[in-house]
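Structure record follows, encoded as structure tokens.
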2 protein chains.
Amino acid sequence: MTQQRRVILEELQKLDSHPTADEVYERARRRLPRISLGTVYRNLEILSECGLIQKLELGGTQKRFDGRVENHCHVRCIRCGCISDVPMAPLTTIENRLRGTSDYEIIGSRLEFIGVCPQCKKEH
Amino acid sequence: MTQQRRVILEELQKLDSHPTADEVYERARRRLPRISLGTVYRNLEILSECGLIQKLELGGTQKRFDGRVENHCHVRCIRCGCISDVPMAPLTTIENRLRGTSDYEIIGSRLEFIGVCPQCKKEH
DNA sequence: TTCTCTTTTGAGAATAGTTACTAATACGGA
DNA sequence: TCCGTATTAGTAACTATTCTCAAAAGAGAA
């Protein structure tokens with residue numbers, strides 16, 4: 001656990017905004033001005049493999065990262081692209097239903113809602 | 001509706017394999033050897049705006065395209081990356097439940113299952 | 001058909017996000 | 001402390017996609 005890795009983890013856990021890799025990079029740079037973007041990518045990958053953070057491969061062009069690891073869903077704003085958590089029971093019911101009818105071995109699911117966030121609704 | 005656009009649409013509707021843009025390009029090239037990759041991307045974009053095809057922005061690095069436009073979900077194989085359809089009622093119930101509790105204006109949802117396809121299971 | 005205007009094309013350059021490479025540095029255990 | 005491994009910063013390379021632009025193809029009017 002290097003200094004860089006610790007800072008990346010801490011900054012991510014501090015936020016609930018599901019930042020992209022370069023947003024994490026900007027924040028980490030305030031504390032470690034010489035950190036490189038490659039280090040941020042590498043450590044985000046390692047931390048998500050260890051299960052300390054979550055890598056979100058949802059719609060949009062960039063990956064996002066989440067300091068919360070419990071199973072939960074997200075809403076993406078179609079206008080500004082921001083992402084929020086949705087407090088909701090996991091989809092185990094649906095997954096189990098699928099297990100009965102599909103030839104696939106079902107491991108999990110990924111559910112994302114699309115909408116307009118309160119801020120963008122206001123500005124309409 | 002140019003020759004190129006028609007061929008791209010036909011090839012996509014012929015398949016149920018949710019091809020990536022370069023897979024569509026390969027197929028279109030068999031019928032129009034001089035077609036360019038840019039043309040394929042441009043037309044896939046236009047066709048999905050018209051609602052003639054569906055653009056899938058699911059997990060993974062590449063976008064995929066679907067000749068079926070009805071609302072349905074997908075399973076992605078975690079090993080080989082292939083994608084299949086899941087016959088399943090749309091998530092309107094869940095979406096409506098969320099409409100009551102979220103500040104977002106909910107427009108839709110995107111549900112993807114993760115699993116292992118029959119082929120990969122066999123090869124284990 | 002022919003003329004004109006708009007759209008689309010092919011080819012290649014440009015871009016964005018991410019990953020890989022490498023020499024130098026930091027870390028951790030004996 | 002020394003030594004071997006892991007990690008770093010910096011940069012180059014890569015991949016998927018989008019953009020640019022001159023040339024070609026359509027589409028509609030005469």
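So you know, we letter chains A, B, ... as the sequences are listed, proteins then strands, and number each from 1.
Here the CD-SG distance, from A:Glu123 to A:Cys80, works out to 8.5 Å after rounding to the nearest 0.5 Å. The structure places CD1 of B:Ile35 at 11.5 Å from CD of B:Glu26, a figure rounded to the nearest 0.5 Å.
For the pair A:Glu57 CD and D:dT15 P, the computed distance is 17 Å after rounding to whole Å. Taking atom OH on B:Tyr25 and atom P on D:dT15, their separation rounds to 16 Å, with Å as the unit. Atom CG in A:Leu37 sits about 15 Å away from atom P in D:dA12, given to the nearest Å. Here D:dT18 presents its P atom at 14 Å from CD of A:Gln62, a figure rounded to the nearest Å. Atom CZ of B:Arg6 is separated from atom P of D:dG26 by 9 Å (rounded to the nearest Å).
Counting non-hydrogen atoms under 4.0 angstrom, A:Arg5 reaches the backbone sugars and phosphates but no base. Using a 4.0 Å heavy-atom criterion, one finds that B:Thr2 contacts the sugar-phosphate atoms exclusively. Looking at heavy-atom distances under 4.0 Å, A:Asp22 makes no contact with the nucleic acid at all.
Aromatic ring pairs are classed by plane angle as parallel below 30°, tilted from 30° to 60° and perpendicular above 60°; the pair B:His18 and B:His74 is perpendicular.
Within the 3.5 Å criterion, the main-chain N or O of A:Leu98 finds a donor-acceptor partner in the side chain of A:Thr101.
Taking 4.0 angstrom as the limit, B:Tyr41 places none of its side-chain polar atoms (N or O) nearer than this to OP1 or OP2 of D:dT18. Applying the 4.0 Å criterion to OP1 and OP2 of D:dT8, one finds that A:Arg42 has a side-chain N or O inside that range. Side-chain N/O atoms of B:Gln4 include none lying less than 4.0 angstrom from OP1 or OP2 on D:dA25.
With the nearest nucleotide of DNA chain D identified for both A:Leu32 and B:Lys55, A:Leu32 has the one nearer the 5' end. Residues B:Met1 and B:Glu45 each lie close to DNA chain D; by heavy-atom proximity, the contact nearer the 5' end of the strand is made by B:Glu45.
Once you apply a 4.0 Å limit to the heavy atoms of chain A, the touched nucleotides of DNA chain C run 5' to 3' over C:dG17 to C:dT19.
For B:Glu105, the side-chain contact (heavy atoms from CB on, under 4.5 Å) partners at least two apart in sequence or on another chain are A:Val116, A:Lys121.
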The test is side-chain contact (heavy atoms from CB on, under 4.5 Å); show your working for B:Leu15 and B:Glu23 and say whether it passes. CA-CA 11 Å; B:Leu15 292 172; B:Glu23 284 163 359; over 6 Å; no
Give the C-alpha distance, both sets of side-chain angles, the deciding distance and a yes or no for salt bridge (charged side-chain N to carboxylate O under 4.0 Å, His left out) between A:Arg99 and A:Glu95. CA-CA 6 Å; A:Arg99 281 197 178 88; A:Glu95 276 178 35; 3.6 Å; yes
